[in-house]
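Working notes, beginning with the structure itself.
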Amino acid sequence: MQHSVEHVDKPSAGSNADAGRVSLDPNELAALCEQEIGRRDKRFAIERPVQLTAVSLDGMLDTSRRHNRTSREISARGISVDVTSGTFHASQPLLLGMHFEQLGVQYAGLIIRRVEQLEDSTLRLGADFGGPAAEVLSTGHLMPEFRAEQMAFVMPQGPQFYDTWTESGVLQKTLLDHVMVCPRCAAIPTVRNACRKCGSGRVTNDRLIHHFACAYVGFKSEFETGTNDLVCPKCQMRKLSIGADFEYLIGENRCRSCGWRDSEVELVGHCLRCSNRFEMTQAREQELYRYDVSRLDPLAVTSELG
Ligand SMILES: [Zn+2]
Ligand SMILES: [Zn+2]
Ligand SMILES: [Zn+2]
């Protein structure tokens, strides 16, 4: 704002630097600001059942400190509520639940700005929307997020935190998925078919050839001659053609690391974060939940009332 005032005061005639810049009268600007603040501050009487719940600075809900009250006034910025019991102080964070006939309860975070003593032992709380509860209810807080640097799905808070909010009826929990994660650090592992003895992924399955005429079965490499020709090592028959003279068979799995031979392989996970290598049957199952909330939109409420 200071910038604009300075700019307007400067003589602009003949100055190329000012070309194309919009000059705004400082009085006009002040009037605009006032109008904007006035709109945000415009209060409307609203008598509705509300529920105030104490919230700690880290966003934990304290349902033992929950009070049912009546709201008095609302603006796009805040709300006032009359209370007759409970302890309240300025800058205290709260969760507001406001009842609507059609929509049910809608929630918003609050920070108390003023505590005013009325004639009859009633306290009038003036609170602004925002604070720790508002942060918990924000979209980014309610969905698991995949973080590449951690190779994991994470939520901003632990499961117990969300359980408290869900049990209190504020959040609705929906199961999104089950994912297999590293049993040590919960990162998403890479997975391979591996040797059952040593866990190595260096397992090959050499194809076998079954020569019909002499019934010999051997590795494909034994039939290879360096040319395109396949020659049976047992009966020396040349120019074997697939289907007519031989068939391919699935061979044994051979581990290039430990030499183990096996008809079966095993799913083995490898964690890229903590280097843990484990059988996938040992993987931990992580449940991914989404949380939904019915949010109070103060702008919608005030424009309805205005
Ligand atoms: Zn790990
Ligand atoms: Zn092996
Ligand atoms: Zn043969």
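Sequential numbering from 1 along the given sequence is applied to the chain's residues. Order of listing sets the numbers, starting from 1, for every ligand and every atom in it.
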_Shortest-distance N/O/S atom, His211 versus the Zn ion (ligand 3)_ =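 Going through the N, O and S atoms of His211 one by one, ND1 ends up nearest to the Zn ion (ligand 3).
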*Please work out the angle at the Zn ion (ligand 2) defined by atom SG of Cys258 on one side and atom SG of Cys195 on the other, rounded to 10°.*
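An angle of 110° at the metal.
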*With the Zn ion (ligand 2) at the centre, find the angle made by SG from Cys198 and SG from Cys255, to 10°.*
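Once rounded, the angle between the two atoms at the Zn ion (ligand 2) is 110°.
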*Can you tell me, to 10 degrees, how wide the angle at the Zn ion (ligand 1) is between SG on Cys185 and SG on Cys274?*
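Once rounded, the angle between the two atoms at the Zn ion (ligand 1) is 120°.
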_Within 45 degrees of the ring normal and closer than 6.0 Å to the centroid, is that where the cationic atom of Arg65 sits relative to Phe88?_
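Judged by the rule, Arg65 and Phe88 form no cation-pi pair.
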*Tyr162/Tyr289 aromatic ring centres below 6.0 Å*: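 No, too far apart.
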*Worked verdict on Phe246 versus Phe212 for ring-ring contact (aromatic ring centres under 6.0 Å, His included)*: CA-CA 6 Å; Phe246 74 93; Phe212 300 137; 7.7 Å; no
*When you draw lines from the Zn ion (ligand 3) to SG of Cys214 and to SG of Cys235, what angle lies between them, to the nearest 10°?*
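Roughly 120°, rounded to 10°.
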*Do you know which of Arg254, Glu252, Lys197 makes side-chain contact (heavy atoms from CB on, under 4.5 Å) with Trp260?*
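Result for side-chain contact (heavy atoms from CB on, under 4.5 Å) with Trp260: Lys197.
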_Arg273 side-chain N/O to Gln150 backbone N/O, donor-acceptor pair under 3.5 Å_ =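 A pair under 3.5 Å: yes.
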